[in-house]
Each structure stands twice: as structure tokens, then as C-alpha cells.
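Numbered from 1 within each chain, the chains take letters A, B, ... in sequence-line order.
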There are 2 protein chains.
Amino acid sequence: MLDERKKTILKITVKDYIESAQPVSSRVLAKKYLLGWSPATIRNEMADLEEEGYLIQPHTSAGRIPSDRGYRFYVDFLLDGYELYEEDIRMVNSIIFSSLEWENLLKKVAELMSERTTFIGVVLFPQLKNATLKKIEFVDLKEEAVVIIVTTSTGIVKERIIKLSRPINEEELQIIRVRLNKEFENKELQDVYWILTKDKKNFILPQEIVDTLIDILRELLYTGREEGVFVSGLSKILQHLEFQNINKVKTLIDVLEEEKTLSSLLFSAFLNKGLTILIGQEINIPELSDCSVVTTIYSLGGSITGSIGMIGPKRMKYERVLAFVELVGKTLSEKLVQILGE
Amino acid sequence: MLDERKKTILKITVKDYIESAQPVSSRVLAKKYLLGWSPATIRNEMADLEEEGYLIQPHTSAGRIPSDRGYRFYVDFLLDGYELYEEDIRMVNSIIFSSLEWENLLKKVAELMSERTTFIGVVLFPQLKNATLKKIEFVDLKEEAVVIIVTTSTGIVKERIIKLSRPINEEELQIIRVRLNKEFENKELQDVYWILTKDKKNFILPQEIVDTLIDILRELLYTGREEGVFVSGLSKILQHLEFQNINKVKTLIDVLEEEKTLSSLLFSAFLNKGLTILIGQEINIPELSDCSVVTTIYSLGGSITGSIGMIGPKRMKYERVLAFVELVGKTLSEKLVQILGE
DNA sequence: TTTTAGCACTCTCCTTATGGGATTGCTAAA
DNA sequence: TTTAGCAATCCCATAAGGAGAGTGCTAAAA
């Protein structure tokens, strides 16, 4: 374990580097922060910290910057406390409690997160493993075209247009509607999915309808909308100094357009069930090794859970981002409680 | 008007520059394309073409590159013909005729376009000015939470969750449902919107329901989903040589994350009602002055229209992109006919 | 009159050299 | 154990030089 002086030096080194983006030298530490030790002393301590893997020297005659391990120690043990801003609270509330349909709301949340922090905001679609089916509805468009609409207990709606191979009139549709709803209302989506796939042939229903229902359920259950995530803030993050060179930008954009990568990244937030930080290599995505990721979940009991996250340079103000992400997660959950009850 | 020799020289200059990305010199023109004139002669002609604004010299001792006017002349008068690839046709069909809900389909189309061309694919949400209302549905979630679902004649579905100020039971909901559908079924969205806003107070209905309906209709009518566009292909376009410097990339990304700019750009495709090319400054967005935009519409009669487009460097293979965009537009329209009839 | 050869001139870009500046590690003294 | 002093190291901005490519112009050839 590090002694007090080493902790202090590490802490100030991390803080200064986050602010200045310049390797921190012993001279700056001694002079700017008036620590009471001479540069030479500090130099010795920093050499020790480097040996133990907390600091890195970009080249021989440069100051030092924190390693992943240095950031990790800082975040785990040296943080002074979270910094929650009034203005953030106001904005988060005003977006989340405005009336919007689901998808639009989540998209706005992603935009808001990047807007307020200049980092990337990511929102994972709600995962519905424990939700129940509320209603199946059919809307007859014309001739053989029908819209099938499924509503879940969590208020998520998913629809699809299908073209039938033979015309179905409103009476017949009504029979199907009543029958399906009687059978499936308030059943878990999971179960409905299994019943439909197993007994596929035994339903005396137009095959297209059964197939489409299965399709809709699968999407609701396993992927939100195609591994759905909303990502926002590319244009914001490029202003940071770590993304000045074109190749880093390219690899970053490659990753961020790959929805699968992001959704599985956010998905892992479920396991931790709370505020999580991953720093650099810990993220386990080489292209993001200059970044940190802060995630949390939003939820209502067990029936609906999703997660949100921010991706930014490792050089981020953790005090602020941690507080902010927590705020957004909590506010989203509150909104769920308000609408769907406890 | 240009004489034959100037046309030939301009044509080959444009072609060579599109291929090589290098300023084209008189020597290359004479030697590589065996035109039968000496470099000196070609040099004179190129000087003329520059004077007339078709070519530009990046600096004194460089070859020449096409100006916007040069590209425009090339596209209008010098194109050999469209180039439609078998593989493109296969891929476009397989994506567009797979069964997907609306939004997902359009998103996939944008991805497809960028995938096939390495340029940016943009898809504007369907504009519904002439669509009619098909059905209004309520799903009772629990206590005071209700989902309102509106389906249009074009098969577009939009929903919203609301929290009521007092409980409403299923019987009461049924009365509202029947009454609203009786009154509004098959009426134009436009009209329903006006009736609701004008007679707001006269409906003996919970105020929240009326307000939410108005909200949904406004979104359907005026903005798709929030000026909705799908954009795809950022990571692809960065491989092109014109986006090697960081500032160009930044300004490009700024524009592409600004949905309003893009949707109004695509919206203008409606006025032209067909395949449109804008080159460089013609686009009228300074940040895109190194780009060309090719757009077209997809439609079914007058009831549903949207547009699609590609954004790429001016140095694009117009023969191919024009054919491709036309293909995607036509195939999308076909799908509409197939589902919704004529 | 039109086309072409020849040549000086211009500009870019790459490589190399140079010097200032910052910071370190080490040694020896406090 | 801490500190002052100093040589050594590396980065980086700037300048200098030279190769290469292509043009414009002039004068001769077709």
C-alpha cells in the first residue's frame, strides 16, 4: 500500500494531468501546489510510483502521466467526492419528464448526456426479459395488408406490417384478436414466445400472423431494436486533445458505429447492478484503450432494466461524470416509477 | 460552348482525378491516354479551361483538378452512362424485401447504402401530409397509466404512454375508443389535427388524452420522428483521401450529427421529384463544399413520400452512385406498392 | 495559324541539421 | 532522509537544402 506522501503526490499528479493534459513534472508539483517538499524529493517518489506501475513516463525527459492503474487507484481511493451541478439536475429533469414516446425519450437522453459533458452518451434499449404481454392488436389497412401491434406491460409498443396471402375481413380479425388476447394477456413475453414457437402448427391461424408475432416477440426479448443503442456526441468528443490525430478518430468512430460492441459493453453493466467505471484496458476493447466508460442501470423492479453510459477520454473529471451518470440513471428510474407504479 | 477537344480533355481530367486523387498534369494526359496531342498543346487547352472556370490549379507547379463547374459539366454532358451492378441489385432487394418494421427497415437501408458505396447513406422518414388516420387504440397498463396508439393508412404506428390524473376503467375506455374511431377513422391526419386543436375544450374527454393525441398527430405530420433521418457510414467515409485532415473530419461530423440540416437537405429532393445531384458549393452548406450529394424520392402515389440520399466526396464515381441511388429509390417504392396496393 | 520542343522558373515536400527548452537521474553534501 | 547541483536525454520548432514535378513562355516547326 502507498504511504500518505505517495498518495498525495499521485492524487495531485492525476488531478493536474486531467486539467492540463500535459505530463506533470516534479517542479510543477512542488511549485504550483506548495507541497513543502523539494522537486528532488518528489522526483524520487515519482520514480517509485512509476516502478510500482501507477505512473508512466512518455519519454525520458518528460514529466509523468497516470497509468490505468494510477487512474484506478485515484478513482477507488483518492476521490474527494462527487460533484453534482444544479444546472445538470435541471436539464436532466426537464428532458426526462417531458412527454415523449419511448424511443424518442432515450434518444434525447443520449443527446443530453453528451451535450452536458462533451463526451459520448450511450443509452441501451430496455431489456424486457420479465415483462408481460398486455395486448395484441390488429389494424386492417386495406385488402391483405394488416398491422400487428404488440404492447407490453412496460408500455413498449412494437409493430409490423404484413401482407396476407388471402384477405381477412374484420369479423375474422376480431375472432383472432379476442382469442389471442384471451390466451396471452398478462403472460410473460418469454412464455408467449415459447408457446408460439413450439405449437406453431397447432394454432388455427394464418401462418403469417403467427410468424410475425414470433418475430416481434423475439425482437422485444432479445435485442430491443437490433441490439439497440442510441449513441450521441461524436462531434463533441473530437474537441478533446486525445483525439487530435486522424487514426485515433477513425478507430473510435469504427467502434461507435458498431452497435453490437456498445450494447454488449453496456449490457455488462447489468452484472454489476450499479455505477461502474472501466478505465482504459479494463474496457477490453483495444480501440477504446484511451477512454474510460462510466455506466449505470435504470430499472423498475425486475420487469424493466436498461443501462446508460458515458464514454470519454481517461482524462475526464470523474467526480463530475460519476455524479452525472448516477443522476441520469436515477431520474430515468423515477420516471418509470411515476408512470408504471411500484 | 466547349469544342470537342476541350470536352475530351475535361472529361479525361475529371475521370483521372476521380480515380487517382492527384492533380492531373498535361504529361499524364498525353502519355497515359494517348490523345495524340503533345503535352504543350494540352497545356494550352487546360489553361483555357481554367480561365473559363472548369479547372483549378492548386498551386503553380501542380497539375489541375476539376472545379465545381467542371464536375457539373461532366455530370450533365460527359457521362458515358449509368453503371448498375448485379451485386448491388441483389443486396438491395434482399434488404428491402426482408420483413422488418418501418423504422428498422429504413435504418437498414441507410446502412446498406453506405456499406455498398463507402459513402454516407441518409434516409428521410416518410412524410405523411396526405395520409389518413386508421385507428386509435388504448391499452390499459395499470391504474392510471395508458398507452395511446395511433395507426395511419400508411401503416405507420406511433404511441405514447401517459399518466392520467384520475383512474379510467375499461368500460369508460371502450366508450372513448369507439367514439374517437367513429369520428376520425379514414379522415386525413391534417383534418383530425385541426379538429382536435380547435375544439380542444369541447371534447368531453380527459384533457391529457386530447393533448397527447394532438402531440402524436403533430409529430406524424410535421416531423416524422423529430426531423427524422437515419444516417450511416461515418466510419466508411473517413477512408477517403479528402478526409485525412482532422479539421475537415470535425466539421463533417458536426454537420452529420445535425439532423435538421440533413433532413432539410433531403427535403429539397421533393421539389425536384427525381434523381438530383448537388456538387460542392451547390449544396449550400459550407462544411460540405468538398462533397457531392445524390438524392431521390421514394413514394406511393401522393400519400407517402420520403427521400434517400448519398453524401460522398466530389471525387465519386457518378456513373455508379447515380445508378445505385435510383435503384434503391425504385426498390423501396416497389415494396410500398406491394404492401399497400396501388 | 496551329502545334510542338525546350528551358527557366516555381512550388511542394522530404530529409537533415541545429539549438533551445524542459525534465530527469545521479551524486554528493546538508 | 532530504536537497542542491549538474550532466545527459529527448522533444520540438525552425531553418536549410535539394530532388521532383509541372507549368508558362518563347521561338521554331508544321
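Between D68(A) and R72(A) there is no salt bridge, since no side-chain nitrogen of the basic residue lies less than 4.0 Å from a carboxylate oxygen of the acidic one.
Side-chain N/O atoms of T13(B) and Y74(B) include no donor and acceptor closer than 3.5 Å. With hydrogens and angles left out, the side-chain atoms of E111(A) and S232(A) include no donor and acceptor closer than 3.5 Å.
Between dT23(C) and S25(A), a contact under 4.0 Å exists linking OP1 or OP2 to a side-chain N or O. Listed pair S61(A) / dG21(C) fails the phosphate criterion, with no side-chain N or O lying under 4.0 Å from OP1 or OP2. Side-chain N/O atoms of R27(A) include none lying less than 4.0 angstrom from OP1 or OP2 on dT3(D).
Between the CD atom of E45(B) and the P atom of dT3(C) there is a distance of 7 Å, given to the nearest Å. We find that CD of E51(A) is positioned 15 Å from P of dT24(C), with the value rounded to whole Å. Distance CH2 (W37(A)) to C1' (dA4(D)): 19 Å, rounded to an integer number of Å. Nucleotide dA22(C) holds its P atom 18 Å from the CD1 atom of I42(A), rounded to whole Å. Between the CD atom of Q57(A) and the P atom of dT9(D) there is a distance of 14 Å, given to the nearest Å. Here the C1' atom of nucleotide dC10(D) and the CZ atom of R64(A) are 14 Å apart, to the nearest Å. Computed from coordinates, the L49(B) CG to dT23(D) C1' distance equals 15 Å when rounded to whole Å. Atom CD in Q22(B) sits roughly 20 Å away from atom P in dC11(C) (whole-Å rounding).
In this structure, the nucleotide among dA5(C), dT2(D), dT24(C) sitting nearest to the side chain of S38(B) is dA5(C). Looking at the side chain of R5(A), the nearest of the listed nucleotides dC11(D), dC26(C), dT2(D) is dT2(D). Which of dC11(C), dC10(D), dT23(D) sits closest to the side chain of H59(A) comes down to dC10(D). Closest contact between the side chain of T60(A) and the listed nucleotides dG25(C), dA21(D), dT9(D) involves dT9(D). Here the nucleotide nearest the side chain of T41(B), chosen from dT3(C), dT2(D), dT24(C), is dT3(C).
A donor-acceptor contact shorter than 3.5 Å links the side chain of H240(A) to the backbone of T118(A). Looking at S307(B), its side chain never comes within 3.5 Å of a backbone N or O of L124(B) through a donor-acceptor pair.
Both R43(B) and N44(A) lie close to DNA chain C; mapped to their nearest nucleotides by heavy-atom distance, the more 5′-ward contact belongs to R43(B).
In a base pair of the Watson-Crick type (N1 to N3 plus N6-O4 or O6-N4) or a G-U wobble (N1-O2 and O6-N3), with each distance short of 3.5 Å, dA30(C) is matched with dT1(D).
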